[in-house]
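Because the structure is a prediction, the values reported are computed rather than measured. Naming convention: chains lettered A, B, ... in sequence-line order (proteins, then strands); numbering from 1 in each chain. Heavy-atom basis, side chains included; hydrogens, waters and symmetry copies ignored.
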Number of protein chains: 2
Amino acid sequence: MTSLVRGRPATVKDVARHAGVSASTVSNVLHGRSSVADEIRARVEAAITEVGYVPSAAGRLLRSGTSEVIQLALPDIRSPYYSALAHTVIQRARELGMTVVIEETDGAVEQEQRVASSHPHRGVGGTLICPMSLTSDDLAELRPELPTVLLGEHTRGDAFDQVFIDSRAAARDVATHLVATGRRRFAFVGTEHGKGTGPGALRLEGVRDVLRAEGLDLPDSAVLGTPDFGRETGVAVGERLPAGESGYDAVVCATDELAVGVLHALAGRGVEVPREIAVTGWDDAPESRFVTPSLTTVAHDLDDLAAAALGFVTARRADPARRPGRHVSPHRLVVRDSTQTG
Amino acid sequence: MTSLVRGRPATVKDVARHAGVSASTVSNVLHGRSSVADEIRARVEAAITEVGYVPSAAGRLLRSGTSEVIQLALPDIRSPYYSALAHTVIQRARELGMTVVIEETDGAVEQEQRVASSHPHRGVGGTLICPMSLTSDDLAELRPELPTVLLGEHTRGDAFDQVFIDSRAAARDVATHLVATGRRRFAFVGTEHGKGTGPGALRLEGVRDVLRAEGLDLPDSAVLGTPDFGRETGVAVGERLPAGESGYDAVVCATDELAVGVLHALAGRGVEVPREIAVTGWDDAPESRFVTPSLTTVAHDLDDLAAAALGFVTARRADPARRPGRHVSPHRLVVRDSTQTG
DNA sequence: GTGAAAGCGCTAACAA
DNA sequence: TTGTTAGCGCTTTCAC
């Protein structure tokens, strides 16, 4: 229960009165600012708990122009990767005394622009954004008025703090593993044709890197563009995917959800995974351990990612003129049954 | 891009100056209050876009004590059901000009209490909470200072606006379907022994209702308590579940995630679903359509649920003395391959 | 129908 | 080291 002073939320003034000091001293105590005498500090702290004081976000925001609310913009919270990311960001934010509002962009430029250009007046103190459509050019003409961190795999100019995942390197790990386990006839699922900013692009490049080095081919016909990255789309692909002797023997999917769909469709057709064809996904969605066969995938270090992102927000708040930073978050290949013969 | 007045966010005063009126007139226009002359209104509206005015959340909050930020408290955003719920709430909230903060409680009493007793000073205008551990008694001694809506299946006193799902009725639908398709030897997975507030309790009761009416038995040994409701736990259960001739021929799981785990373990053991045993889940997680065999489950109408919940917040803000309301959201049995023989 | 003025809670600058 | 003062942006009386 929060105590109240005369049925009204307690304010710094109430605390000040109870402690027999001034409001600014209370403020100083609250922020550990300047040197407050130990005895006074103790008295103020006692008064704070006594009157049940909770700082008013409004007062603070109005006065100092910044808040402990940060917005996390992502395409769709229902996607396992993004909900896992949100979870980690929320946990980490709480440790830092921050609070997280979720903004869903559906990967649409206008939405991403709307979020990226949020005004401090909206009451938000920082932005974490996972851009899908925003290009470096879009971002260049945006002068964000909030500490803004870009999360993703693509480099997008150098005007922003960015947290990266090196998807191309991860893709090389995936392809190398597949080649090492005897796969030769590759397909790739999940590039939107002609779109360089989506999650597919770099992942495809990494696969190409390895195949080229191995003298293997990845013809255009083996690169299967998809309108989105969901399970349903994976099913559609899996239903027509040539597999076995005369078809592919490995299919790299740009997301776990695509892969889950592909697995489901292959099972429906009686195609045996991994014997006839290996399937891989991306992002290590929790469900991927529990589909049958369990899915080989790329895992990210979300704790590292969230900590880095929030660290950038904090650093930029402290020093808005700071040079934009970059952080590359580690990844790791998780080998499971969908690629493991025998 | 937001326009600025002299490099500083535009305020009502700026708008007022541009329109040649006073700040209060601007405020009146913004809120459609009192009668403002058409010509003046037009001038103000023009000025608003001209200076790129964005209302300051801080100013509003400070003055009027309420905000358009509502908090959604749930155990874990990574769970498919809760991320789907969050998605729908976020969408609906945006339509209403509101913004959503996610609070994760992990189903722990202290966390739930913390959220439920949030102060208006925190800058939040309302609370939507999915309580797991909070009892009617806990809630009774909480006098929330914010419009607070309870989301869930259990009745928890009558002091709060509540949005329900009739899980007991849904469970009857599930059991009826299983009996109608020839199942006789039931198991139930997912009750925490001795905990009446978890998701398992009512679902179990509904199953019992039907079995009793059918003259079938559900011995205590067939009610499998679980420490949580995740896939991992489902696997542990599925690994030892007696199935086939001498075992169960139907297993009702309290969540899709448990069911997915059970399916995975049964597949590993070579137990055929649905031929030897039928499996059902709860909540219609997106992945449940794509596991093999696809999962029979209970679907909720999240749009209805979110709209009702936010409607309660709005209504209570308008009239804090309002009698607490109740809304029952519909559910629907979704039959898929995991229970469908032939 | 419109404007002037006060004050919500807080903190930064300055004075003591 | 502590207190005084002013003002952040908004809305709401209350005059006019």
Side-chain angles (χ1 to χ4, degrees), chain A residues 2 4-44 47-48 51-68 119-125 145 317, chain B residues 2 4-44 47-48 51-68 119-125:
Chain A
T2 43
L4 303 177
V5 176
R6 297 196 336 213
R8 163 185 61 72
T11 74
V12 271
K13 277 187 187 164
D14 297 316
V15 176
R17 195 170 325 119
H18 271 249
V21 298
S22 80
S24 24
T25 300
V26 174
S27 178
N28 283 334
V29 169
L30 286 168
H31 293 82
R33 252 191 265 290
S34 78
S35 32
V36 181
D38 282 353
E39 192 238 347
I40 299 248
R41 175 182 307 278
R43 245 164 53 211
V44 169
I48 286 175
V51 303
Y53 170 73
V54 178
S56 150
R60 277 202 178 156
L61 178 54
L62 187 57
R63 178 68 229 214
S64 51
T66 188
S67 91
E68 301 304 314
H119 219 235
H121 268 188
R122 265 203 50 211
V124 163
E145 309 177 45
R317 293 218 289 186
Chain B
T2 43
L4 304 176
V5 177
R6 296 198 334 220
R8 163 184 63 70
T11 73
V12 271
K13 277 188 186 165
D14 297 316
V15 175
R17 197 171 324 118
H18 271 250
V21 299
S22 79
S24 20
T25 300
V26 175
S27 178
N28 282 334
V29 170
L30 285 168
H31 293 81
R33 251 188 265 290
S34 76
S35 34
V36 180
D38 283 353
E39 192 237 347
I40 301 246
R41 175 182 306 278
R43 252 173 37 218
V44 169
I48 285 174
V51 303
Y53 170 72
V54 178
S56 149
R60 276 202 178 156
L61 179 54
L62 187 56
R63 179 66 226 211
S64 50
T66 187
S67 91
E68 300 305 313
H119 218 238
H121 268 187
R122 266 204 49 213
V124 165

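Distance CG (B:L61) to C1' (D:dT12): 16 Å, rounded to an integer number of Å. Between the NE2 atom of B:H31 and the P atom of D:dG9 there is a distance of 17 Å, given to the nearest Å. Between the NE2 atom of B:H119 and the P atom of C:dG9 there is a distance of 11 Å, given to the nearest Å. The nearest whole Å value for the distance from the CG atom in B:N28 to the C1' atom in C:dG3 is 10 Å. Atom P of nucleotide C:dA5 and atom NZ of B:K13 are separated by 12 Å, given to the nearest angstrom. B:L62 has its CG atom 12 Å from the C1' atom of D:dG7, to the nearest Å. Atom-to-atom, CZ of A:R8 to P of C:dC8 comes out at 9 Å; the value is rounded to the nearest Å. Taking atom CG of residue A:D14 and atom P of nucleotide C:dC8, one finds them 11 Å apart after rounding to whole Å.
A:T66 and A:R317 share a donor-acceptor pair across their side chains, judged by distance under 3.5 Å alone.
B:V54 and A:H121 make their closest contact through O-ND1, 3.0 Å (heavy atoms, listed as atom of the first residue, atom of the second, distance).
With distances taken from any side-chain atom of A:Y53 to the nucleotides C:dC10, D:dT11, C:dT11, the minimum falls on C:dC10. Comparing C:dT11, D:dT4, D:dG9 against the side chain of A:S24 picks out D:dT4 as the nearest.
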Test side-chain contact (heavy atoms from CB on, under 4.5 Å) on B:R17 and B:V51; report intermediate values, then the result. CA-CA 10 Å; B:R17 197 171 324 118; B:V51 303; over 6 Å; no

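A:L30 contributes atom CG, which lies 6.0 Å from atom CZ of A:R60 (distance to the nearest 0.5 angstrom).
Taking side-chain N and O atoms only, B:S27 has a distance below 4.0 Å to OP1 or OP2 of D:dT11. Contact between the side-chain N/O atoms of B:R60 and the OP1/OP2 oxygens of D:dT11 is found at a separation under 4.0 Å. A sub-4.0 Å separation between OP1 or OP2 of C:dG3 and a side-chain N or O of B:T25 is present. For the OP1/OP2 pair of D:dG3 and a distance below 4.0 Å, the side-chain nitrogens and oxygens of A:S22 include at least one atom meeting the criterion.
Judged by closest nucleotide on DNA chain C, B:A37 is the one of B:R63 and B:A37 placed further toward the 5' end. When each of B:I40 and A:P55 is assigned the nucleotide of DNA chain C bearing its nearest heavy atom, the one mapping closer to the 5' terminus is B:I40.
The side chain to side chain contact (heavy atoms under 4.5 Å, CB included) test with A:V21 singles out one residue from A:N28, A:I40, A:V15, and that residue is A:I40.
Residue contacts shown for A:S56 are limited to sugar-phosphate atoms, with no base heavy atom under 4.0 Å away.
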